[in-house]
Amino acid sequence: MVRLVERIKEFDGVLHLYQHDSEVCGCTMSFTVYLPPQAAQNEVPVLWWLSGLTCTDENFRVKAGAQRYAAELGMALVIPDTSPRGMQVPDDAAYYLGQGAGFYVNATQSPWSHHFRMYDYITQELPAILAGLQLPLSDRQSIAGHSMGGHGALIVALNNPGRFRSVSAFAPICHPTRSTWGKQIFQVYLGEDQAAWQRYDACCLIQQGAAALPVLVDQGTADEFYPQELLTEELVAVCRARDLPADIRLQPGYDHSFHFVATFIGEHLRWHHQRLR
């Protein structure tokens with residue numbers, strides 16, 4: 001059962017906060033939907049937003065300022081949580097593993113495999129739940145994210161050709177099978193078989209022939225994780241090799257925080273809007 005927890009008016013639209021019992025993740029999950037004022041009369045296009053490590057759906061809706069632009073453009077925002085949560089869900093003291101760190105994969109290793117199935121949650125269960133709510137959401141949809149969520153947005157879009165009109169990311173983890181960070185996480189969630197990791201690596205998917213779609217990436221040059229962990233230049237290289245329509249921009253002096261996201265979120269929403277029209 002889906003429960004409406006709160007309904008908040010914002011910029012003449014409405015922010016809906018939901019909870020539901022997830023079969024895929026085996027726990028209670030939360031998500032947010034922002035409906036712009038135009039949704040009162042017509043179906044509206046949708047931007048999915050996938051958040052980063054340690055975040056919930058709250059961080060983006062409170063810190064990024066995206067609802068103002070979504071209201072102006074007539075776009076809905078769908079904002080899931082980043083992982084399963086609860087007393088019964090495994091966790092770890094490291095911020096990059098466990099609750100708050102689902103990495104948008106389907107874990108195959110114990111004790112994670114029962115709950116940590118965020119890929120199926122994002123691509124299957126949550127879309128079905130949204131359809132059941134009968135919200136005025138169009139099938140014209142795009143996807144975006146930040147950091148771990150940027151990685152998630154890229155792999156979800158690349159693995160599901162035709163589902164999204166465009167994908168954008170802020171400081172995404174571009175090549176996790178090659179980064180120290182990604183290797184640690186994938187080994188825990190997915191095991192030793194590195195061939196199985198490639199499904200969740202944007203650079204690998206592009207190298208293997210993933211269908212082209214418009215890509216926009218912003219990366220701050222003062223980001224503490226750039227370039228050692230995010231490997232932005234490797235994404236540039238594989239997109240050039242495939243001649244994919246990717247606009248990958250280095251933004252001088254910006255860090256990894258929501259100050260960076262808030263600075264450029266309006267540009268990203270307008271960019272998606274052009275491709276959703």
Side-chain angles (χ1 to χ4, degrees), residues 5 15 17-19 22 24-32 48-66 77-107 111-112 115-119 121-122 126 143-156 168-176 179-190 200 202 217-220 222-232 254-265 268:
V5 177
L15 194 72
L17 315 182
Y18 293 101
Q19 288 185 345
S22 169
V24 166
C25 295
C27 64
T28 298
M29 295 291 288
S30 301
F31 65 95
T32 296
W48 287 71
W49 175 268
L50 305 186
S51 297
L53 286 168
T54 74
C55 291
T56 68
D57 53 316
E58 180 180 15
N59 297 76
F60 180 71
R61 70 173 185 256
V62 171
K63 296 180 179 180
L77 302 174
V78 173
I79 313 165
D81 200 352
T82 54
S83 80
R85 299 181 190 273
M87 293 294 294
Q88 77 277 26
V89 177
D91 202 5
D92 192 275
Y95 73 92
Y96 53 81
L97 190 65
Q99 296 186 35
F103 261 82
Y104 305 102
V105 305
N106 288 337
W112 312 100
H115 296 283
F116 282 74
R117 298 173 58 200
M118 286 301 295
Y119 183 86
Y121 179 73
I122 297 297
L126 188 51
I143 190 167
H146 173 222
S147 190
M148 177 186 75
H151 142 80
L154 289 169
I155 64 166
V156 167
S168 75
F170 293 81
I173 305 167
C174 297
H175 204 353
S179 72
T180 302
W181 209 7
K183 288 177 182 177
Q184 291 175 337
I185 293 152
F186 282 4
Q187 187 173 31
V188 171
Y189 285 159
L190 303 173
Y200 303 113
V217 172
D218 276 319
Q219 173 60 59
D223 188 324
E224 62 185 300
F225 304 113
Y226 168 79
Q228 288 82 7
E229 293 294 348
L230 304 181
L231 302 181
T232 312
Y254 284 93
D255 60 17
H256 198 77
S257 72
F258 267 93
H259 300 287
F260 168 52
V261 174
T263 300
F264 296 101
I265 192 65
H268 280 239

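The CG atom of L230 sits 6.0 Å away from atom NE2 of H256, with the distance rounded to the nearest 0.5 Å. Taking CD of E229 as the reference point, atom CG of L231 lies at 7.5 Å (rounded to 0.5 Å). Rounding to the nearest 0.5 angstrom, the gap separating the OG atom in S168 from the CG atom in L154 is 8.5 Å. Note that CZ of R85 and NE2 of H115 are 14.0 Å apart. Values are rounded to the nearest 0.5 Å. Note that NE2 of H151 and CG of L50 are 9.5 Å apart. Values are rounded to the nearest 0.5 Å. Here the CG atom belonging to L77 is positioned 6.0 Å from the CZ atom belonging to F60, to the nearest 0.5 angstrom.
Considering only heavy atoms from C-beta on, F103 stays 4.5 Å or farther from M118 through its side chain. At least one side-chain heavy atom of F116 sits less than 4.5 Å from a side-chain heavy atom of P84. Side-chain atoms of M29 and V24, non-hydrogen and from C-beta on, never get closer than 4.5 Å to each other.
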- Message: side chain to side chain contact (heavy atoms under 4.5 Å, CB included) for I173 and F225? Distances and angles first, verdict last.
- Response: CA-CA 9 Å; I173 305 167; F225 304 113; over 6 Å; no
- Query: Which is it for I265 and W49 under the side chain to side chain contact (heavy atoms under 4.5 Å, CB included) test, yes or no, and what are the steps along the way?
  - Reply: CA-CA 11 Å; I265 192 65; W49 175 268; 4.0 Å; yes
- Task: Output, in order, the C-alpha distance, side-chain angles, deciding distance and verdict of ring pair (Phe, Tyr, Trp, His ring centres under 6.0 Å) for F170 and F260.
- Result: CA-CA 8 Å; F170 293 81; F260 168 52; 5.6 Å; yes
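No donor-acceptor distance shorter than 3.5 angstrom exists from the side chain of Y121 to the backbone of S83, with no hydrogens or angles considered. For the pair Q99 (side chain) and G86 (backbone), a donor-acceptor distance under 3.5 Å is present. Side-chain N or O atoms of S51 include none that pairs as donor or acceptor with a backbone N or O of T82 at under 3.5 Å.
Summarising the geometry of T56 relative to D81, their closest heavy-atom pair is CA-OD1, 3.2 Å, with the distance given to 0.1 Å. Heavy atoms only, all atoms of each residue included: C27 and Q88 are closest at CB-NE2, 3.4 Å. Across all their heavy atoms, V217 and P172 have their closest contact at CG1-CD, 3.7 Å. Summarising the geometry of L126 relative to V78, their closest heavy-atom pair is CD2-CG1, 4.5 Å, with the distance given to 0.1 Å. For the pair D255 and S257, the tightest heavy-atom approach, listed with the atom from each and the gap, is OD1-OG, 2.7 Å. Scanning both residues, G52 and S147, for their nearest heavy atoms gives CA-CB, 4.4 Å.
Using cut-offs of 30° and 60° for the angle between ring planes, the H146 and F258 rings count as perpendicular. Using a 30° and 60° split on the angle between ring planes, F31 and Y18 fall in the parallel class, below 30°. F264 and Y254 have perpendicular rings, their planes meeting at more than 60° on a 0 to 90° scale where under 30° would count as parallel.
Considering Y119, W112, Y200 as possible partners of Y189, the one that fulfils the ring pair (Phe, Tyr, Trp, His ring centres under 6.0 Å) test is W112.
Residue Y96 places its OH atom among 12 or fewer non-hydrogen atoms of other residues, nucleotides or ligands, all under 6.0 Å distant.
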